[in-house]
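Data first, discussion second: the structure below is written as structure tokens.
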Amino acid sequence: MNNKTEVSELGCVGIGTRLVWGGEKVRHPYNATQTPIVASAAYGYDDIDVWYDVALGNTPGFIYSRMSNPTVAILEDKICELESAESAVAFSSGMAAISSVLNTFLAKGGRVVSTRDSYGGTNKIFEEFLPRMGVDVTLCDTLDHEAIEHEIALGCDVLYLETPTNPTLKVLDIRRLAQAAKRVGALVVADNTFATPLNQNPLSLGVDVVVHSATKFLSGHGDVLGGLVCGSGELMAKVRHHREINGASLDPFSAYLIIRGMKTLALRLRQQQRSAQALAEYLLTEPLVESVNYPGLPSHPNHDVARSQMRGFGAIVSFVLRGGMETVKHLLPRLRYAHRAGNLGAVETIYGPARTTSHVENTLEERLALGISEGLVRVSVGIEETDDLLADLKQAFEYTKEQLLKSEQSNFIPVRTECRTEVEI
Ligand SMILES: *Cc1c(COP(=O)(O)O)cnc(C)c1O
């Protein structure tokens, strides 16, 4: 399928429309209107010459589903529409996508520059796997753009960015850092999972390769794992070759679920981020809360950068509870409309402490070094009514305060701190 034609055909259409129709112009067997799940490991040919031509890639077609599959190909075309990319490659999970991209573009003696804050699994690749393969990894203080630029200027093969970050919602200036990378000829990779293509298009900000965990907002229902990578045809040919051999391909059943979920991304996320803003503003006024992280708050340290590169601020909010784990253990079980789980981006609201979710693999010391305190809670705001989510959180805080006052072990008393009220909506 020619991704380029699809981009030009739907490129000027609104993103909500592209989410529904992008990649879907293929005629299906039986005139089915929905993408069929093509559950076949291999594709048969009577004509041996045609078979050979398809196998060589000279004629379009399918040979073996580790290489390519008709259902998966439609998903790949859809993400191309949304990120205005020439080509895309789907993987069995976000981590399969990220590790394959890093393995494609880095080799022994190479160097990658990134930040300390990144998804826990990505961080493990940087700390554990890449050094073992002889790749030099430099992780900078996430908010110190000058330090990141300095490290890039020393020379590197890959600059790896994730913004907003998990779970503290730090925002990196993509344009600025991509420019620094271009000066030394480095490839720029960005994880766009938190923002989604609805809010941010890294390719238009100077990034070369975009990665997504489709497990999160893209699929949106917490019922499937998947990863997507997109960029130029030339770069994606290399990533695709890597996937053909390492075998981290997406299966057609999962591809179908992701396609189905993506059609409603705009409706879901617009509602989710309206509620996220409301929850973040409420949390600022809550005495038991020490700090709130949300790029949509004017008090966010990089609110202006977020405004300049994002169309919306996303549906993830995090906050630090006074009293650490003790407070977390009172508050979280009390919530009615919430899963307490490690996932994010689903239609249900999900709460989880960083200690047991994004940074479960780190020791207490490592977490503290990363600025992740034991009282840090991440909320993935769902599609429930905003007022219900607010009421639920308020009643849980009231209950928690009563419990803390009752508790003899509690060695701190919640005090009302100064809070910002001039929040813009
Ligand atoms: C979840 C996540 C990943 C990993 O994706 P999986 O599908 O779980 O493998 C990578 N990056 C970010 C930002 C994530 O939230």
Side-chain angles (χ1 to χ4, degrees), residues 72 75 79 83 88-103 114-129 139 142 160-172 174 189-200 202 207 209-230 243 246-251 253-255 257-258 261-262 265 269 272 276 293 295 310 313-318 339 341-346 350-352 354 356-362 370 372 376 378-381:
V72 175
L75 171 63
I79 194 69
E83 292 287 15
V89 189
F91 286 87
S92 55
S93 71
M95 282 317 301
I98 292 165
S99 55
S100 296
V101 165
L102 292 170
N103 284 325
S114 189
T115 57
R116 279 204 198 105
D117 293 67
S118 59
Y119 179 72
T122 310
N123 189 259
K124 279 284 155 194
I125 295 183
F126 288 144
E127 301 271 20
E128 199 180 315
F129 295 178
L139 301 182
T142 307
Y160 187 95
L161 306 173
E162 183 182 318
T163 177
T165 63
N166 182 24
T168 48
L169 286 308
K170 297 190 179 98
V171 171
L172 289 165
I174 300 178
V189 181
D191 183 333
N192 204 28
T193 302
F194 268 37
T196 85
L198 191 80
N199 288 332
Q200 182 170 281
V207 166
V209 175
V210 173
V211 296
H212 281 284
S213 167
T215 312
K216 314 293 169 55
F217 292 99
L218 292 180
S219 64
H221 293 71
D223 54 3
V224 61
L225 289 171
L228 293 165
V229 180
C230 58
R243 191 201 64 181
N246 81 0
S249 314
L250 186 68
D251 72 277
F253 293 91
S254 299
L257 282 173
I258 298 167
M262 279 170 79
L265 174 69
L269 195 54
Q272 284 168 312
N293 306 310
M310 301 178 79
F313 302 113
I316 310 288
V317 179
S318 67
H339 286 308
N343 194 19
L344 59 92
I350 307 168
Y351 281 80
T356 35
T357 57
S358 57
H359 287 72
V360 66
E361 301 204 32
N362 298 100
L370 287 168
I372 294 175
L376 182 70
R378 181 184 70 195
V379 195
S380 169
V381 181

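Note that this is a predicted model, so its numbers are computed, not measured. Whatever order the structure lists ligands and atoms in, that order sets their numbers, starting from 1.
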Seminar exercise, completed: So CD1 of Ile316 and NZ of Lys216: to nearest 0.5 Å the spacing works out to 8.5 Å
Exercise. When rounded to the nearest 0.5 angstrom, what is the spacing between OG1 in Thr357 and CG in Asn343?
Worked result: 10.5 Å
Seminar exercise, completed: The side-chain contact (heavy atoms from CB on, under 4.5 Å) partners of Ser114 (sequence neighbours excluded) come to Phe126, Leu139, Tyr160
Exercise. Tell me the side chain to side chain donor-acceptor pair (under 3.5 Å) pairs involving residues 88-103, sequence neighbours left out?
Worked result: Ser100-Asn246
For this session: Quick one: list whatever passes side-chain contact (heavy atoms from CB on, under 4.5 Å) with Ala255, sequence neighbours left out.
Result: Thr71, Val72, Leu75, Leu250
Kindly print each ligand 1 N/O atom paired with any protein N/O atom under 3.5 angstrom away, one pair per line, or none if nothing qualifies.
residue	atom	partner	partner atom	Å
ligand 1	5 (O)	Ser213	OG	2.9
ligand 1	7 (O)	Gly94	N	2.8
ligand 1	7 (O)	Ser213	OG	2.8
ligand 1	7 (O)	Thr215	OG1	2.6
ligand 1	9 (O)	Gly94	N	3.1
ligand 1	9 (O)	Met95	N	2.8
ligand 1	11 (N)	Asp191	OD2	2.7
ligand 1	15 (O)	Lys216	NZ	2.7

Exercise. What is the minimum heavy-atom distance between Val317 and Leu169, and which atoms define it?
Worked result: C-CD2, 4.2 Å
